[in-house]
Amino acid sequence: MNTVKANIKNPKVWVLVIGVTVAVGMVAAAETRRRKAKFKEDFGAFVQRFLILPFPQPPAPAAKQTLAGLTFAINDIFELEDYVTGFGNPDWARTHEAAEKTAVTVTALLKNGAVCVGQTVMGELGFGVSGENMHYGTPINPEMPAHVPGGSSSGSAVAVAAGLVDFALGTDTIGCIRIPAAFCGLLSFRPSHGAVSTIGVLPNSQSLDTVGWLARDPSILLRVGHTVLKLNTVEPRRARHLIFADDLFQLSKVPKQKAEGVISKAFENLSGYQPQQHINFGQHISLNVPSLKGFRDQSTKLQNGISNLKALCSAMVSLQRYLRFFALLLLFFLSGLEKLKPFSLMRQMLTIHVIDNKMDDIAAYLLNLDLLNDMLSKWFGATIVSRAFKHLKRHEFKTNHEDWVKSVEPKLASDVSDNVLTAINTTHENIKALYDIRKELRACMQILLKVPDLGQLRFSCSQKIHGKLGFVDNGILVIPTIADPPSKLNSKKRDTVESHNRALILSSIASMSGCCQVTIPLGKNDGCPISVSFITFHGGDKFLLDTVLDMYSSLKEQINFVSNPAPLQDANENFDTSEILKEKGNAAYKGKQWNKAVNYYSEAIKLNGKKATYYSNRAEAYLQLGCFQKAEEDCNRAISLDKKNVKAYLRRGTARESLLFYKDAAQDFKHALVLEPQNKVARHAEKRLRKLTS
């Protein structure tokens, strides 16, 4: 002890201690700077970087590897031989051995020439939609650096968005690929459930898990799809039919012209697309998924709200002189339910009526309880699906990982810990109902996305032939990918329960039905990426990927047009420009570039919609493309502008004949003969149709 005291008094010892402390501090500071520099260099996307080269190119005459020259990264959920898979958590990595085999999907990519460059950061244990990770750091969103990148496949999305790789793999259970794609302005694909092998992928919820991928380029998205889905390279081209879910677009705050409007305009100029349809998706779900009734019964607050509301309404009718008092009482009651949108809307309306002292309006409004029930059924159909979706995920996560969580007691972020504990401690009495909902929802989507064969329907109508119509799988449901913009990094105000629920409502459709979904970026609104999603039937993966490739260039044009509107021109400038565009359309038509001709005529019509010739010329291009309905519509417009436009009558006659409306077609050719008695085309066509109709 005396020696220690003596050493403490020795100045040389103090110099040594201070020197060691400073050295340790400098080393720590240098390491922190190194980590920050590395984090900045790769946007914090990677847990670890490495280089796994592809399999050698097979000798001729074998086909060239389809992914040769492309680089990719994988989420920290895929197994790689001799590497430890971390599942986004150091305690998981610490308690598990290196993998003995590489995941089947990763092997398929390597066999086809792609180079794997690293494992990416993910949300802990696959939980959360923000993409944050307190252990490895949150990857930096290249599109909005001050905001979260979305999760759980956050690192994969950031690696692609930052241009560090050509594409990346992740898994999608509750939107884990789709949400980061939306936040980072990327294309992503969630395939049909079971279409891509999950061997060698850590399970989260097997009934919902899929392997998905992200890319910046639609052709790469398709090439990866061909590899992992083992698709046929050739498939008969089918018409496509867009179905907009109007109630789901109401969840989003993006202006209509920047989302639905862009999609509609982009498809107007393409061939092979049938007229668009608009539906209330929540109502469709309520009517076609009977097992949801059991989950409606669990919504006790909602059910009690309806019954209590009815009781209050009855009292108000009985006691008219105390109507204002009961109106105020009702407003107080509704304030407890204002987080539920239908009740919130009612509360706003009632407040206005009470302030204006319009008691009769209140009574009339509240007595229409059918309106209330209709509103609730429309709004809560999709909400209840998301409720079942959460229950199923919790149940299967508990089955997979309960023993590990209880034995290891891993260190988790607070929000992840809450989710994990909820899953582990939840008991599910009626598991069968969850799987019934999943099965019924897939059947419900098949019903929605099957539409009558247009040619057969036209033939049936024109020839008065009754019988069973043929149906084709060509429907595509259009929804917003995400309802709310990404929250700020390190924000004390976390995402609200409502925004999280809105995200799950939109994600649950493909997850619970097992249908495939593609996420498509649409530029930005107020600096935030905009995204919509296309969903089609289970097994329609190639159909959906081909659709994206087919429409992407037209879509980019519309995005640029909306983002950078052309300056206003005077009438003379518009006239001159439209004539130039018409001539370009004529030249494209002569060169047999039908789609290009349609695009030029469409641009001319935008500038000057009063010229019958533009519509008539576009109709001729549509005829060459086989778009007979669109050709007929354009001819109708041309004839309304110019009653003596012979070409419009001839072209409408041709379109109607192709659609099997022989009598109407014959009338068009007769009208053309009245205007031009020597027209040989009209004369021959009229004779031909007369024989057919007789």
**Prompt:** Would D172 and Q517 count as having a side-chain donor-acceptor pair, cut-off 3.5 Å?
**Reply:** no
**Between OG on residue S513 and CZ on residue R438, distance to nearest 0.5 Å** = 9.5 Å
**Message:** So that I know where these two stand, are W213 and F167 an aromatic pair - ring centroids less than 6.0 Å apart?
**Reply:** no
**Complete:** Here the gap from L251 atom CG to N501 atom CG, rounded to the nearest 0.5 Å, amounts to 11.0 Å
**Prompt:** Quick check: does any side chain N or O of E440 sit under 3.5 Å from a backbone N or O of S291, one acting as donor and the other as acceptor?
**Reply:** yes
**Asked** With no hydrogens and no angle check, is any side-chain donor or acceptor of H395 less than 3.5 Å from a backbone partner on K390?
**Response** no
**Fill in**
To the nearest 0.5 Å, atom CG of N280 lies from atom CG of D247 at 4.0 Å
**Prompt:** So how far is it from I437 CD1 to L292 CG, rounded to the nearest 0.5 Å?
**Reply:** 4.5 Å
**Message:** Using modelled atom types and a 3.5 Å cut-off, is there a donor and acceptor pairing between side-chain atoms of N141 and backbone atoms of F183?
**Reply:** yes
**Distance-only polar pair, side chains of S207 and E396, donor-acceptor under 3.5 Å** = yes
**Asked** Is a side-chain N or O of S192 found less than 3.5 angstrom from the main chain of G539, in a donor-acceptor match?
**Response** yes
**Item:** Residue pair T138 / E132, side-chain donor-acceptor N/O under 3.5 Å
**Value:** no
**Sub-4.5 Å side-chain heavy-atom contact between R240 and F534** = no
**Asked** Side chain of N525, backbone of C528: donor and acceptor closer than 3.5 Å?
**Response** no
**Residue pair S205 / T173, side-chain donor-acceptor N/O under 3.5 Å** = no
**Least distance between heavy atoms, P180 atom then A157 atom** = CB-CB, 3.6 Å
**Item:** Heavy-atom closest contact (N204 atom, D209 atom, distance)
**Value:** N-OD2, 2.8 Å
**Asked** Atom CD of E100 and atom CD of E79: how far apart are they, to the nearest 0.5 Å?
**Response** 9.0 Å
**Asked** For the residue pair P191 and D541, what are the closest heavy atoms and their distance?
**Response** CA-OD2, 3.3 Å
**Request:** Describe, in one word, how the ring planes of H278 and F244 are oriented to each other, choosing from parallel (under 30°), tilted (30 to 60°) and perpendicular (over 60°).
**Result:** parallel
**Request:** Locate the shortest heavy-atom distance separating P410 from N89; write the atom from each residue and the value.
**Result:** CB-OD1, 4.1 Å
**Prompt:** Could D91 and K411 be called an ion pair, given the rule that one side-chain N must be under 4.0 Å from one carboxylate O?
**Reply:** no
**Message:** Taking L544's backbone N and O only, do any of them form a donor-acceptor pair with T536's side chain (distance below 3.5 Å, no angle check)?
**Reply:** no
**Message:** Hydrogens and angles aside, do R394 and T426 bring a side-chain donor and acceptor to less than 3.5 Å of each other?
**Reply:** no
**Message:** When you measure from the side chain of H538 to the backbone of C516, do you find a donor-acceptor pair of N or O atoms at a distance under 3.5 Å?
**Reply:** no
**Asked** Just how far is it from atom CG of L231 to atom CG of L545, taken to the nearest 0.5 Å?
**Response** 7.0 Å
**Aromatic ring proximity, centroids under 6.0 angstrom, W92 and H401** = yes
**Message:** Side chains of H241 and Q277: any donor to acceptor distance under 3.5 Å?
**Reply:** yes
